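Every chain is numbered from 1, with letters handed out A, B, ... down the list of sequences. Given the structure is predicted, the values throughout are model-derived calculations rather than measurements. Atoms considered below: every heavy atom in the structure, side chains included; atoms not considered: hydrogens, waters and symmetry mates.
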There are 2 protein chains.
Amino acid sequence: MSGTRREVPNDPGRKERILDAALDVVAELGVPGTTHRRIAARAEVPLGSLTYYFDGLEDLLGQAFERLSTGMSATYRRTLEAARTPAEAEEAVVDLICGPRYATAREMTLIFEMYAYANHHAGVGATARAWVLRSRESLGLHFPEPVCRALDVLVEGWPIHRAFDAGPPDRALVAATVRAIVGGLTGGPGGPPAADEG
Amino acid sequence: MSGTRREVPNDPGRKERILDAALDVVAELGVPGTTHRRIAARAEVPLGSLTYYFDGLEDLLGQAFERLSTGMSATYRRTLEAARTPAEAEEAVVDLICGPRYATAREMTLIFEMYAYANHHAGVGATARAWVLRSRESLGLHFPEPVCRALDVLVEGWPIHRAFDAGPPDRALVAATVRAIVGGLTGGPGGPPAADEG
DNA sequence: GGCGAGTGTGTACGCTTGTACAGCCTTGCT
DNA sequence: AGCAAGGCTGTACAAGCGTACACACTCGCC
């Protein structure tokens with residue numbers, strides 16, 4: 001039935017391999033140092049492959065960052081889905097901030113690059129927006145909306161400080177902060193229910 | 001007395017003008033789009049000036065980012081110094097997060113670029129570290145150390161979400177979160193004193 | 001076995017980049 | 001007025017970039 005002869009590419013998964021190689025190069029040299037040639041070398045594919053599979057460097061980086069954010073969102077969600085009780089949910093948030101699974105050094109480097117890039121390329125801007133939304137959605141499995149916003153800020157901001165602080169994560173402080181926010185924003189005696197005092 | 005004839009440069013302030021122009025270009029095009037020529041055009045100086053005043057692009061960007069972080073640190077500190085009571089201090093933190101004075105769109109864009117750049121250039125890495133330290137020091141004018149850490153994460157993380165969220169700052173929620181952290185971490189009933197439960 | 005379509009690649013080109021440097025121009029001293 | 005000493009600049013160059021494209025190759029069908 002098909003008029004075309006070869007619907008299957010010779011090397012399936014090649015495109016993904018290129019995207020991973022691109023992320024490797026970005027992690028190592030930053031976007032300014034990321035070139036077609038370096039990506040091709042890292043992926044061990046000919047230079048022409050990049051222009052064949054992608055519509056220029058902007059397209060390639062856009063898809064690479066989308067791949068990154070999709071993968072991280074999945075980890076984020078899986079971590080929160082595994083929690084069964086409110087206490088476990090708080091623990092999961094602490095894990096996201098401190099744990100060795102999420103927000104690794106490589107991931108933080110890539111996230112910085114993505115945010116920087118997003119400010120100058122609308123497509124990646126949309127990716128970043130979607131990513132923030134998905135995070136909040138995952139937190140929504142366990143917490144009311146305002147708490148989600150506040151906690152997500154924590155999950156976002158703390159690893160950044162870790163990246164430039166060399167110090168250990170200090171799990172206890174993170175745990176205390178998470179508890180303070182959850183308690184304080186859900187009607188605890190420490191603060192108003194949420195956002196109803198302005 | 002002096003052996004040299006011209007100790008005063010023809011155009012004082014030129015160097016600073018170049019640094020400001022560099023930040024303008026970075027804010028508009030990102031580091032990957034920042035070139036000697038574009039900076040020179042923006043600063044309205046000849047191309048040769050850049051190699052005369054700076055030892056290459058890395059040196060120039062390093063000094064530009066240092067200028068940026070110094071300026072922002074000053075605003076940060078001034079805002080906190082103006083607070084006279086604990087309540088005013090909390091309000092100041094909320095101002096830093098929401099206010100139109102600190103963390104403007106341009107500044108956030110530049111901060112992203114700086115963080116991304118810092119991961120690949122040791123000099124700017126030191127600048128970023130110093131910047132985080134200064135922030136915490138300024139918060140230390142009003143809050144104990146663990147609270148400083150948590151609040152600084154908020155000041156860092158919330159504007160990031162603002163940058164990709166299009167929504168309004170929601171001052172009330174920010175204020176409630178700040179209060180929850182300050183209350184919860186300083187012995188309030190919502191949580192332990194601080195970091196002493198691991 | 002031969003054919004044609006569609007996948008994939010090696011090479012070449014025009015352009016922009018960072019940077020070096022020969023020399024100009026301003027200036028203070030004599 | 002003349003000089004000498006730098007601060008400063010315009011220009012030139014080699015390197016590396018993104019991208020186009022003519023061609024090789026593979027494979028199902030007749």
d([atom1], [X]; [atom2], [N]) in whole Å:
X: B:L50; N: C:dA20; atom1: CG; atom2: P; answer: 13 Å
X: A:L29; N: D:dG16; atom1: CG; atom2: P; answer: 14 Å
X: B:L60; N: C:dT17; atom1: CG; atom2: C1'; answer: 15 Å
X: B:I39; N: C:dT17; atom1: CD1; atom2: P; answer: 11 Å
X: A:E44; N: C:dG10; atom1: CD; atom2: C1'; answer: 18 Å
X: A:I18; N: C:dG8; atom1: CD1; atom2: P; answer: 10 Å
X: B:K15; N: D:dG7; atom1: NZ; atom2: P; answer: 14 Å
X: B:Y52; N: C:dG23; atom1: OH; atom2: P; answer: 19 Å

request  = For A:R38 and A:G33, indicate whether the former's side chain and the latter's backbone hold a donor-acceptor pair under 3.5 Å.
outcome  =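 Yes.
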Less than 4.0 angstrom between a side-chain N/O of [X] and OP1 or OP2 of [N], yes or no?
X: B:H36; N: C:dT17; result: no
X: A:R38; N: D:dG18; result: no
X: A:Y53; N: C:dT7; result: no

request  = Classify the side chain of A:R37 and the base of D:dG16 as holding, or not holding, a donor-acceptor pair under 3.5 Å.
outcome  =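 Under the 3.5 Å cut-off, the side chain and the base do not form any donor-acceptor pair.
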ask   = Under the ring-ring contact (aromatic ring centres under 6.0 Å, His included) test, which residues partner A:F65, sequence neighbours left out?
value = A:Y117
Residues in ring-ring contact (aromatic ring centres under 6.0 Å, His included) contact with B:Y76, at least two apart in sequence or another chain =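 Scan of B:Y76 (ring-ring contact (aromatic ring centres under 6.0 Å, His included), adjacent residues dropped) gives B:Y102.
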inquiry  = Looking at B:R101, I'd like to know if its CZ atom is crowded, meaning that more than 12 non-hydrogen atoms belonging to other residues, nucleotides or ligands lie closer than 6.0 Å.
reply    =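 No - once you tally the heavy atoms of other residues, nucleotides and ligands closer than 6.0 Å, there are 12 at most.
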inquiry  = Go nucleotide by nucleotide along DNA chain D from the 5' end; which of B:S49 and A:L57 gets its closest nucleotide reached first?
reply    = B:S49
task = Please figure out whether B:G48 or A:L47 has its closest DNA chain D nucleotide nearer the 5' end.
result =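 Its nucleotide being nearer the 5' end, the pick is B:G48.
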task = State which of C:dT17, D:dG10, C:dT9 makes the closest approach to the side chain of B:P46.
result =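 My answer, after comparing the listed nucleotides, is D:dG10.
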Worked check of side-chain contact (heavy atoms from CB on, under 4.5 Å) between B:H36 and B:L47 = CA-CA 7 Å; B:H36 279 128; B:L47 177 59; 3.7 Å; yes
